[in-house]
Asker: 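What follows is a single structure, and I will ask about it in a moment.
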Amino acid sequence: MEPQRSPLLEVKGNIELKRALAKAPSRLPLPGSRLKRGPDQMEEDLEPEKKRTRGLGTKVATSRPRATALTTVPQTQGQTAVPKVPRKTGPRCSAAIATVLKNQKPGPAVPAQKPGTTAAPPVVGRKKPSKRPAWDLKGQLCDLNAELKCCRERTQMLDQENQQLRNQLREAQQQATALGTERRTLEEELARMRAQAEQGQRELGNLSTRVLELEERLGTQEGLVQELQKEQLELQEERRGLAAQLEEQERRLQASEAALSGSQAELASLRQEAAAQADLLAKREERLHGLEMERRRLHNQLQELKGNVRVFCRVRPVLPGESTPPPGFLLFPSGPSGPSDPPTRLSLSRSDERRGTLSGAPAAPTRHDFSFDRVFPPGSGQDEVFEEISMLVQSALDGYPVCIFAYGQTGSGKTFTMEGGPGGDPQVEGLIPRALRHLFSVAQELSGQGWTYSFVASYVEIYNETVRDLLATGTRKGHGGECEIRRAGPGSEELTVTNARYVPVSCEREVEALLHLARQNRAVARTAQNERSSRSHSVFQLQISGEHAGRGLQCAAPLSLVDLAGSERLDPGLALGPGERERLRETQAINSSLSTLGLVIMALSNKESHVPYRNSKLTYLLQNSLGGSAKMLMFVNISPLEENVSESLNSLRFASKVNQCVIGTAQANRK
Ligand code: ADP
Ligand code: MG
C-alpha cells in the first residue's frame with residue numbers, strides 16, 4: 001500500500017512533474033509516430049509475454065518496471081536525443097498524472113486508471129493471420145484498407161485523447177503553478193508563524209520568569225504587608241495614647257495658663273513688693289554697716305575692758321610614761337560663781353626641802369596662788385582654748401594688731417598650743433590653723449557687706465639672735481639664708497624681713513602646706529643642732545588687709561602667733577662642759593630676748609618714753625604688734641610634773657608680771 005503523501009509533498013511532486021514536462025518533449029504518442037515504427041518495434045511492444053516465454057526477454061527488460069501507457073509509447077529514432085525523464089521520477093510522475101486525471105472530469109474515451117497501475121496498451125497493429133490466399137491481393141488490400149481505416153479512426157481518437165490530456169496537463173500545470181505560489185505563500189506564512197511562535201515562546205518564557213518573579217515578590221510583599229499592618233496597628237495604638245496624652249497636656253496647659261495669669265498678677269505685686277524690699281534692704285544695709293562699725297567699736301571696748309594684755313595659763317596633761325604628781329600639787333580653784341565659772345586661778349604647792357632639813361622635821365608644802373584671765377586645766381581641748389581667743393582674732397580683722405605668745409619651759413606644750421599635736425588630727429589642731437580658718441570664714445561673711453580681705457603669711461625663726469625663714473624652699477631651704485628685719489620703706493612704720501617669703505593665702509589647705517613646710521625646715525635644722533626648735537622663737541605673722549570699696553574704707557593689721565623658746569634657765573651650780581657653753585650662750589640669748597620682751601611690756605605698761613624694742617630681734621620684729629594700739633595675749637604653758645615645779649613657778653611669776661600690765665588704749669589701724 002502506498003503511504004499517504006502530505007499535500008505539501010504532493011504539490012512539490014506536481015511542481016517537479018511540471019518542470020519535467022516543460023523540459024522534456026511530450027512522450028504522448030503523436031499522430032503518425034506510431035505508424036513510423038518498424039514492425040519489430042511494434043512486436044516488441046505488443047508481445048512481451050511472448051518474448052518471455054521464448055526466453056528472449058533479457059533480464060534487464062524484465063527487471064525494468066513496466067512503463068505506463070504514456071511512457072511506453074515507442075520513440076522514434078529521431079527522438080533519442082531528447083533527454084529522458086529520470087527513471088526515479090517515473091512512479092512519482094505517474095502518481096502525479098494519476099492525481100491530475102483523478103481530478104479531471106472523466107472523459108468519454110479515456111477510462112480512469114488506478115494509480116500505480118499501467119494502462120492497458122491499445123490494440124493497434126496486431127497482425128491477424130490473413131485468411132486470404134496469397135493471390136487474393138485485392139482481398140488483402142481490402143483488409144489492409146479496412147485495417148488502415150480502423151487505425152486512422154483509432155489515431156483520431158487517440159489524438160483527441162491526446163489533446164484532452166494536453167489540456168488537462170496545462171490545467172494541471174496552471175494548478176501546479178497556483179499551488180506552488182500558494183505553497184510559497186504558505187511556507188512564508190509558516191516561517192512567519194514559526195518566527196512568531198518562537199517569539200511567542202520567548203515571550204512566554206519571559207512572562208513565565210516574570211510571573212515567577214512577581215509571585216516571589218508577591219510572597220515577600222505579603223510578608224511586608226503583614227508587618228506593615230502590624231506596625232500600623234501599633235502606630236494607631238500609639239497615636240491613641242499620644243492623643244490621650246495631648247489631651248491631658250492641653251488640659252494641664254489650660255490649667256497652667258490660668259495659673260500663669262494668676263502668677264503674673266502675683267508677680268507684678270511681688271515686683272512692687274521686691275522694689276519696696278530693695279529699698280528696705282538698702283536702708284537695712286546702711287543700718288547694718290552702722291551696726292557693724294558699732295560692733296567693732298564695742299568689741300574693741302570689750303577687749304579693752306578685758307585688758308589689752310591678757311594672760312592665759314594652760315597646764316598640759318601628764319603624758320604616758322611620766323610620773324604622776326602628788327595629789328594637790330596643782331589645784332584649779334573655782335571662781336566666785338562656783339564650778340560653772342571658767343577657772344581663772346591656779347595653785348601650785350611646793351615642798352621646800354631645804355627648810356624641812358634645817359628644822360629637822362618635814363616642812364609643809366608652800367602654796368603659790370596665781371590668777372590669770374583664764375586658766376586651762378590639763379583636760380582642756382584645743383577648741384576650748386581657741387574659743388577664748390577667737391574674739392581676739394576677730395579684732396585683727398577689725399584692724400587691731402594682735403599678738404599671741406606661748407611662753408613656758410621646753411616640753412610644757414607651747415608648740416602643741418600654737419601649731420597643734422602630731423598626726424594632723426583635726427581635734428588637736430593648734431591656734432594657728434584654727435585662727436586662719438576663722439579669719440577666712442569671717443572674711444567671707446564680711447564680703448557680703450562689701451568688705452574684701454587679703455592675707456599674706458610669713459613664718460620665721462629667731463635663734464641666737466639670727467632670723468631664719470621657715471618657708472624657704474629650693475636652694476635656700478635648710479641653710480636659713482641671711483634675713484634681716486627692716487622697715488618696709490623710708491618713713492614706714494611697717495617692718496619686713498629681708499630674704500623671707502611672704503606668701504598670700506586664701507584657704508586652709510594653703511596654710512596647712514605652709515605649716516608642713518615650716519616643720520620640714522625645722523627638722524632639717526634639728527639634725528644639725530639638737531633640739532634647736534626649743535631654743536628658738538618661731539614667729540608666724542599674717543598681714544591682714546581689708547577694704548570696703550563702696551565706702552572707701554581700709555584697714556590693715558598684723559596677726560602674730562609666737563611660739564617662744566624654752567624659758568628654762570641653766571642651773572648655775574652645774575659644771576660647764578664644751579657643749580654646755582654653747583647651751584649657755586643660747587640660754588643667755590633666750591633669756592635676754594625673753595627679759596627684753598618683759599621689759600618692753602613693762603615700759604609700755606608704765607608708758608615710758610623709751611621702749612627697748614631694739615634690744616632683741618624678737619621685740620624688734622614684734623614692735624608693731626606690741627605697741628599702744630595692739631592687743632596682746634600670752635599663754636603661759638605649765639608642765640604638770642612635780643620635777644618641773646621650779647621652772648613652772650618662774651614661768652608663772654613672769655606671766656603674773658605681764659598680767660599686771662595695762663597698755664594704753666588700743667587703736668585700730670584705719671585709714
Ligand atoms: P614645747 O613646745 O613647749 O616644748 P610641746 O608642745 O612640744 O612642748 O609639748 C611636749 C609634749 O607634750 C608633746 O608630745 C605634746 O604632744 C604634748 N602635749 C603638750 N600639750 C598637750 C596637751 N594640752 N594635751 C596633750 N598633749 C600635750
Ligand atoms: Mg616647742
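All ligand and atom numbering here is 1-based and tracks the order in the structure.
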Asker: Report yes or no: do Arg314 and Thr417 form a side-chain donor-acceptor pair below 3.5 Å?
Answerer: yes
Asker: Tyr459 and side-chain hydrogen bond (donor to acceptor under 3.5 Å, both in side chains): which single residue from Arg522, Arg501, Gln541 fits?
Answerer: Arg522
Asker: Who are the side chain to side chain donor-acceptor pair (under 3.5 Å) partners of Ser412, not counting sequence neighbours?
Answerer: none
Asker: Within 2.8 Å of the Mg ion (ligand 2), is there any N, O or S atom belonging to Ser538?
Answerer: no
Asker: Side-chain donor-acceptor pairs under 3.5 Å in residues 315-324, sequence neighbours left out?
Answerer:
from	atom 1	to	atom 2	distance (Å)
Arg316	NE	Gly411	O	2.6
Arg316	NH1	Glu322	OE1	2.9
Arg316	NH2	Glu322	OE2	2.9
Glu322	OE1	Leu319	N	2.7

Asker: Would you say the ring centroid of Phe312 lies under 6.0 angstrom from that of Phe635?
Answerer: yes
Asker: Anything with a heavy atom under 4.0 Å from ligand 1 counts, so go ahead and list those protein residues by chain and number.
Answerer: Arg314, Arg316, Pro317, Leu319, Gln409, Thr410, Gly411, Ser412, Gly413, Lys414, Thr415, Phe416
Asker: Just jot down the salt bridge (Lys or Arg N to Asp or Glu O under 4.0 Å) partners of Glu286, sequence neighbours excluded, or say none.
Answerer: Arg551
